[in-house]
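Right, one structure below, let's go through it.
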2 protein chains.
Amino acid sequence: MSQTATRVYDELRGEILGGRCTPGARLREEELAERFGVSRTPVREALRRLEADGLAVVTPRRGAEVVRWRDEDIAELVELRALLEGQAARRAATGGGVDLVALTELCDRMEEHAGAEGRAADEITRLNLELHRAVHRASGRLLPDLLVRLIDVPVVRRTFHAYSETELRRSFAQHRELIEAIATGDGDWAAAVMHAHIRAAGATLRAGREPDPR
Amino acid sequence: MSQTATRVYDELRGEILGGRCTPGARLREEELAERFGVSRTPVREALRRLEADGLAVVTPRRGAEVVRWRDEDIAELVELRALLEGQAARRAATGGGVDLVALTELCDRMEEHAGAEGRAADEITRLNLELHRAVHRASGRLLPDLLVRLIDVPVVRRTFHAYSETELRRSFAQHRELIEAIATGDGDWAAAVMHAHIRAAGATLRAGREPDPR
DNA sequence: GCGCCTCGTCTTGTACACAAGAATCGGCCG
DNA sequence: CGGCCGATTCTTGTGTACAAGACGAGGCGC
């Protein structure tokens, strides 16, 4: 079983992003090691990687804990996402290298899941994330790495759970428009759509923080 | 002697940023451990931190090496710096919390060093970095962390060595203008100055790559 | 009774040892 | 003579033991 550290990392990361870890919770090395059935060494590495991702904070000699998000952090987060995802969309539109068919299919599947009202928010979230990442990948080498720290955040992952029917439809429409802008090669258009898309999500975040518990 | 890992990290980081490590050079754990007189454990941690900073790439089971920068990476780097440092300047101008006196003193000292033509490029680089960081710090909590990956790059650190007399003066003038914009609280002005400041540096980078060997 | 100091425990930091996968060099076969 | 296969060697990944610092509880002095 190779890549023990990566397994622990993925596991913990999933728990934090899924909101199954309460912010501020301590992450003791030995406890985690026992829980995952490994030694402290790979756990340490996993914790450092989480810190690099901005998901945990480790204080020297005092251990690691799940990162705590403050309100002003959320505001800054939305601003930066709007800026950087906008730039990613611009470069994706002008640089080529985007699989428009795959993007369209992601939209189709998202809208299907929205039709079937079986609390498909998790699946929609996953598909949405995949769509955004596809755009990021087409934007270069540095930008995707920067965006990881802004996208993989618990609060962002919960956005779709808070969307109203109207907001959901608007979001889907923006995805379609984004694809059209990219297909046209119009960088400004793509950036503007993405910018609006993110700001709209930010408004939902500000409006009702956690209307859906857990 | 506590914080062994941090010491190794700082040392290696300095070597990479100072250009004393050739890109692509392998970083073997045992070799480094012996060189620093420590065990492999803190060396490992240092290497992972360097990877998180984008200064090294580690391939599982194949070790770490000093990151290699391609030309298109540099172009993307300049774009992103212009965008994000511009945003940092905007927030610094509108948010307050900037020590304008300290910034002005940094400018004074930089210009003094430029007057004394004793190859003071390293010192100017250091002061310039400090000025930029002061602006970053005033911009929030997330942005400074993102900027680390764009600022602490070997190529950026060499910029001042490549500046002509004219470019140097223009750069200093932009610093002064930036401070004025921040003092006025004009976010758009501050962002525009910073944007131009970075783009100008980018032009120098593109024009003469490494006119000053080592 | 309150505050300070000290001792004990707990957790992380580092060193060391072993195991597993990768690269390389040599030999062998076609 | 060239290519392929195997063994050796080298390097990293993981487990374990020990040391050092931090936190808390308890006792002592004022």
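Values below: all heavy atoms of this structure, side chains included; hydrogens, waters and symmetry mates excluded. Just so it is clear: chains get the letters A, B, ... in the order the sequence lines come, proteins before strands, and each one is counted from 1.
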Query - Presence of R61(B) side-chain N/O under 4.0 Å of dT14(D) phosphate oxygens OP1/OP2 - result: no
Query - Donor-acceptor pair between H197(B) and E85(B) side chains, under 3.5 angstrom - result: no
Query raised in the report: Between P60(A) and V58(B), who's closer to the 5' end of DNA chain D by nearest nucleotide?
Result: V58(B)
**Report entry** Between P of dT12(D) and CD of E31(B), the distance in whole Å
**Finding:** 9 Å
**Report entry** Whether H175(B) and F172(B) hold their rings parallel, tilted or perpendicular, with breakpoints at 30° and 60°
**Finding:** tilted
Report summary line: By ring pair (Phe, Tyr, Trp, His ring centres under 6.0 Å), H195(A) pairs with (sequence neighbours left out) none
Query - Nearest-nucleotide comparison on DNA chain C, the residue closer to the 5′ end among L27(A) and S39(B) - result: L27(A)
**Report entry** T41(B) side chain near dA15(C) phosphate (N/O to OP1/OP2, under 4.0 Å)
**Finding:** no
Query - Between dA23(C) (C1') and R26(B) (CZ): distance, integer Å - result: 9 Å
Requested in this report: Return the value, rounded to whole Å, for the distance between atom CD of E45(A) and atom P of dT12(C).
Outcome: 17 Å
Query raised in the report: How long is the line joining CZ of R44(A) and P of dT11(C), in whole Å?
Result: 14 Å
Query raised in the report: Nearest of dT12(C), dG13(D), dA23(C) to any side-chain atom of E29(B)?
Result: dG13(D)
Report task. Quickly work out the Q3(A) CD to dG13(D) P distance and round it to whole Å. Result -> 7 Å
**Report entry** Atom pair distance, as rounded to whole Å: CZ in R49(B) and C1' in dG13(C)
**Finding:** 13 Å
Query - Flag, side chain of E15(A) to backbone of C21(A), donor-acceptor distance under 3.5 Å - result: no
Report task. Please state how far atom CZ in R28(A) lies from atom P in dC10(C), giving the value in whole angstrom units. Result -> 11 Å
Report task. Looking only at side-chain atoms of T4(A), point me to the closest of dT14(D), dT11(C), dT14(C). Result -> dT14(D)
**Report entry** Residues in salt bridge (Lys or Arg N to Asp or Glu O under 4.0 Å) contact with E30(B), at least two apart in sequence or another chain
**Finding:** none
Query raised in the report: When you check the phosphate oxygens OP1 and OP2 of dA23(C), does a side-chain N or O of R62(B) lie under 4.0 Å from one of them?
Result: yes
Query raised in the report: Atom CD of E65(A) and atom C1' of dT11(C): how far apart are they, to the nearest Å?
Result: 14 Å
